[in-house]
K.L.:
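I'd like to ask you about the structure that follows.
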Amino acid sequence: MADRTPTAGDGAPRESRGATGDAALPAAETPGTPPATSPGPPEDPAAAAQDPGASAQDPGASAESTDLDQESASRRGRPRGSRSRKQRPDTFWGSVREIVLVLVWAVLIAFVVKTLLVRGFYIPSGSMENTLQLNDRIFVNVVEPTFGPLERGDIVVFEDAKGWLPAQPDSGGGPADAVYDALAFVGVLPDRTDQHLIKRVIGVGGDRVACCDGSGQVTVNGQALEEEGYLFPGSAPSDIPFDIVVPQDHYFVMGDHRDASADSRVHFSEVVEDSAFISHDDVVGTAFVIAWPLDRFQWLQNPDDVFADIPAGSAGGS
């Protein structure tokens, strides 16, 4: 198709120098006036037809745009690690401040976890052998008791509110003991106080617990317990006869090593009311894992099969 664009004598198309987007219009010619000419090289007619509103670029602006493009490309190619960052304080006191903040947060988190989730304890005696051994470190779930009564078979840690243990002597202790006790209080270290006990729940509120039947076994609501799975080898279910009903919101507890456990069986004759039973309010939590030493690591599970067929107690015990 023939080019119909009006041309000057040099063949370049004439454009208006108006605002961007204005249509390119032919300039009016005065008779006798020589046509305007472009000092630059002739433009490509096809390019002009595609963008009729574009104006000629300033050579200086083009050079500036090229420099910006090169700078942008340089930034895109810069390694990530070379970006400017806010420098950490490299002074001695700045480092000390960071360490102190980390320790404070660690203590706060440990305290919250201890208060709301778990607590650590160590085992000071052999009354729960072989399930738990001397100096085992265990973790206790402190959430479970808040949602209702415990179950038969649970291993429970409780405060010695009934005076089962002799009064703990004041050793005076030194700075190291004070630091340990403080860290144990917030939950960073396991609690080593002697004023907590750990036993297994045998009867709950309303249960009638007795020993022994014709086979020498402990019974709960008339059902004999097959306790061989957790009893200490060679230990009898009980050498002390008893026949009691557990008060509501209380528990009858026994150690797995019955020959070495001063548990509910030995406190019936004490003057304190219900001194043989543990109140639900005194329960700290249920043990669920042996965490230390590592070769003893294991999850502690309730022996459901031992207590599965026990009927409900006289007062609706679970």
Side-chain angles (χ1 to χ4, degrees), residues 102-103 105-107 109-145 150-160 164-165 168 171 173-174 176-202 218 225-238 251 253-263 278 283-308:
V102 170
L103 291 177
W105 277 110
V107 170
I109 292 172
F111 182 77
V112 171
V113 169
K114 169 196 169 181
T115 304
L116 302 177
L117 299 176
V118 299
R119 288 184 64 176
F121 289 88
Y122 90 107
I123 305 302
S125 72
S127 66
M128 284 295 294
E129 291 175 332
N130 277 332
T131 305
L132 302 175
Q133 296 183 4
L134 188 67
N135 291 325
D136 279 352
R137 265 61 172 176
I138 63 171
F139 283 116
V140 171
N141 179 359
V142 301
V143 178
E144 185 174 358
L150 304 179
E151 297 180 351
R152 306 178 189 95
D154 285 342
I155 298 175
V156 58
V157 173
F158 54 94
E159 297 179 2
D160 183 28
W164 286 13
L165 297 170
Q168 189 174 10
S171 60
D177 289 335
V179 171
Y180 188 102
D181 292 341
L183 293 177
F185 174 76
V186 299
V188 174
L189 294 177
D191 196 332
R192 63 180 182 179
T193 177
D194 291 335
Q195 301 311 112
H196 289 88
L197 297 100
I198 183 166
K199 306 292 180 186
R200 188 181 298 275
V201 175
I202 303 298
V218 174
L225 303 181
E226 301 290 342
E227 300 183 278
E228 290 79 6
Y230 55 77
L231 273 183
F232 184 81
S235 182
S238 180
Y251 304 103
V253 297
M254 300 170 70
D256 289 353
H257 191 174
R258 303 284 162 83
D259 300 331
S261 177
D263 45 44
I278 303 305
V283 173
V284 175
T286 55
F288 68 93
V289 66
I290 301 173
W292 189 264
L294 291 179
D295 60 351
R296 290 268 305 146
F297 179 88
Q298 61 180 300
W299 300 103
L300 299 173
Q301 298 180 349
N302 187 307
D304 295 328
D305 54 335
V306 177
F307 302 90

K.L.:
Do you know the tightest heavy-atom contact between Asp160 and Leu165?
P.N.:
OD2-N, 2.9 Å
K.L.:
From Ile198 CD1 over to Ser127 OG, what is the distance, rounded to the nearest 0.5 angstrom?
P.N.:
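Output value for this atom pair is 8.0 Å.
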K.L.:
Do Asp154 and Thr286 meet the criterion of a side-chain donor-acceptor pair at a distance under 3.5 Å?
P.N.:
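The answer is no; no qualifying pair exists.
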K.L.:
Tell me if a side-chain donor or acceptor on Asp136 pairs with a main-chain N or O of Ile123 at a distance below 3.5 Å.
P.N.:
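Side chain of Asp136 to backbone of Ile123: no pair is present.
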K.L.:
Mind running side chain to side chain contact (heavy atoms under 4.5 Å, CB included) on His196 and Glu159 for me, showing each step along the way?
P.N.:
CA-CA 5 Å; His196 289 88; Glu159 297 179 2; 3.6 Å; yes
K.L.:
Could you tell me the separation between the CE atom of Met128 and the CD1 atom of Ile155, rounded to the nearest 0.5 Å?
P.N.:
4.0 Å
K.L.:
How about CD on Gln301, more than 12 heavy atoms from neighbouring residues, nucleotides or ligands closer than 6.0 Å, or not?
P.N.:
no
K.L.:
Does Trp292 reach the side chain of Ile290, with side-chain heavy atoms less than 4.5 Å apart?
P.N.:
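The answer is no, as the side chains (C-beta and beyond) never meet within the 4.5 Å cut-off.
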K.L.:
State the CG-CG distance between Leu197 and Asp263, to the nearest 0.5 angstrom.
P.N.:
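If we round to the nearest 0.5 Å, Leu197:CG and Asp263:CG are 10.0 Å apart.
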K.L.:
Supply the atom-to-atom distance Trp164 CH2 to Ile278 CD1, rounded to the nearest 0.5 angstrom.
P.N.:
4.0 Å
K.L.:
Take a 6.0 Å sphere around CZ of Phe139 and say whether it holds more than 12 heavy atoms from other residues, nucleotides or ligands.
P.N.:
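Atom CZ in Phe139 is not crowded, with 12 or fewer foreign heavy atoms closer than 6.0 Å.
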K.L.:
Taking 4.0 angstrom as the limit, do Glu227 and Arg200 come out as a salt bridge?
P.N.:
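The answer is no: the pair does not qualify as a salt bridge.
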